[in-house]
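Below is one structure, written out as structure tokens, with a few remarks after it.
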Amino acid sequence: MAMPLSDPHRIDSAAVLGWYDRHARDLPWRVAPADRQRGVRPDPYRVWLSEVMLQQTTVAAVRKYFLRFTDLWPEVADLAAAPLDAVLREWAGLGYYARARNLHACAQAVVREHGGAFPTSSAELQRLPGIGAYTGAAIAAICFDEQIAVLDGNLDRVLARYYALDVPVREAKEDLRAALQASVPERAGDFAQAMMDLGATICAPRVASCLVCPLQPDCAAARAGEALLYPVKPEKTERPVRRGHAFVMTDAAGDVYLQSRPHKGLLAGMTEVPNSDWGVEPDGPAFPLDADWRHRGQVVHVFTHFRLELEVWSARVDGAMLDGGWWSEPAALKGEALPTLFRKVLARAGLD
DNA sequence: AAATCGGGGTC
DNA sequence: GACCCAGATTT
């Protein structure tokens with residue numbers, strides 16, 4: 001494809017909407033197209049909550065978190081009034097924890113600065129914490145039918161195929177956005193959700209069901225029988241390995257020693273067991289105190305930009321001199337703000 | 001523009 | 001294992 005997209009072929013939005021009316025996914029935060037046509041409007045709070053949870057996260061992973069959050073906090077004012085600690089505990093395991101902090105800050109801003117009602121335009125929404133170009137457009141389109149391009153990872157793939165884009169999406173993002181913008185119909189919310197459903201079901205990463213796709217016959221990649229060649233991948237960088245040690249301490253009552261991570265950086269503000277720095281070179285264990293330490297094996301955890309290998313040690317430490325943390329009963333571990341990494345560590349030490 | 005920031009579903 | 005997901009924010 002010639003760059004930029006000087007005169008991009010319009011997407012047949014009527015065909016896409018017709019497909020959506022028959023094949024829309026049933027999701028807890030969604031108002032079905034038939035209900036929308038009858039005038040039912042989505043709840044901006046629920047749409048916003050789902051969109052933040054869905055950032056770089058699959059529908060399958062989000063579902064139970066969404067149900068739990070809306071059960072605990074049915075309206076934005078409920079979430080705004082909740083302690084941040086409670087929000088972090090409930091978010092534990094979902095990842096990208098800055099989202100949980102921004103979520104809480106955003107709820108408070110909506111209550112304090114907008115009278116408890118979400119702004120209705122993408123531009124205003126993007127001024128709120130944790131709402132960027134995608135999320136602002138998605139909320140504005142889905143809730144208020146703002147005719148704006150909603151471009152997520154699904155759309156990157158669908159459009160890269162539709163236009164047979166011969167460079168990585170990152171290099172043509174704004175061109176794709178302009179092309180999509182020119183195709184947005186009046187039913188902007190349904191169109192946005194339709195295109196995402198299309199990407200999630202028909203135009204999937206490893207399977208392209210072109211024969212039943214409403215974008216036929218306009219899709220350039222499908223015409224050439226080469227849908228899976230797109231999107232063109234950027235060069236991938238290899239993932240470095242970091243190594244360290246984690247120390248699981250229990251007292252006479254069987255309680256486990258926990259502490260909070262720093263409020264900035266990786267897993268910010270979440271709960272952990274004491275552990276070493278994570279270095280490139282293997283390092284000897286610097287035990288936090290003198291005890292009968294036993295090696296319990298290794299935990300491997302893969303983050304976005306490195307792979308972590310932690311040696312797990314445990315010891316019984318009665319009347320230990322420790323500062324800054326707290327002792328948690330094993331039965332209470334489930335409710336702690338423990339990210340998956342440290343749940344793996346505790347499981348390795350026999351405390352799951 | 002590039003780096004940082006998690007974890008799981010799925011092949 | 002590798003890929004990638006309804007991305008945002010910081011550097």
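All values reported here derive from a predicted model rather than from experimental measurement. Chain letters run A, B, ... following the sequence lines, proteins first, then strands; residues in each count from 1.
Taking the charged nitrogens against the carboxylate oxygens, A:Arg316 and A:Asp318 do have a contact shorter than 4.0 Å, which makes a salt bridge. The existence of a salt bridge linking A:Asp218 and A:Arg223 is excluded, since no basic side-chain nitrogen approaches an acidic carboxylate oxygen closer than 4.0 Å.
Summarising the geometry, atom SG belonging to A:Cys106 is positioned 8.0 Å from atom NE2 belonging to A:His114; distances are rounded to the nearest 0.5 Å.
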Check the interface with nucleotides 1-3 of chain C: list each N/O to N/O pair with the protein under 3.5 Å, or write none.
from  : atom 1 : to       : atom 2 : distance (Å)
C:dC3 : OP1    : A:Lys236 : NZ     : 3.0

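Stacking here means ring centres nearer than 5.5 Å and ring planes tilted less than 30 degrees, and by that measure A:Tyr96 stacks onto B:dG6.
Among residues two or more places apart in sequence or in another chain, the ring pair (Phe, Tyr, Trp, His ring centres under 6.0 Å) test is passed with A:Tyr134 by none. The ring pair (Phe, Tyr, Trp, His ring centres under 6.0 Å) check on A:Trp293 picks up A:Phe247, A:Phe287, with sequence neighbours excluded.
When the side-chain nitrogen and oxygen atoms of A:Gln56 are compared with OP1 and OP2 of C:dG7, one or more of them lie within a distance under 4.0 Å. For B:dC5, the OP1/OP2 oxygens have a side-chain nitrogen or oxygen of A:His305 closer than 4.0 Å.
The aromatic rings of A:Phe118 and A:Trp48 sit tilted relative to each other, their planes meeting at an angle between 30° and 60°.
Nucleotides C:dC3 and B:dG6, compared at atom C1', are 15 Å apart to the nearest Å. Here the separation of C:dA6 from B:dC11, taken at their P atoms, is 14 Å to the nearest Å. If you take atom P in B:dC5 and the same atom in C:dC4, they sit 22 Å apart, rounded to whole Å.
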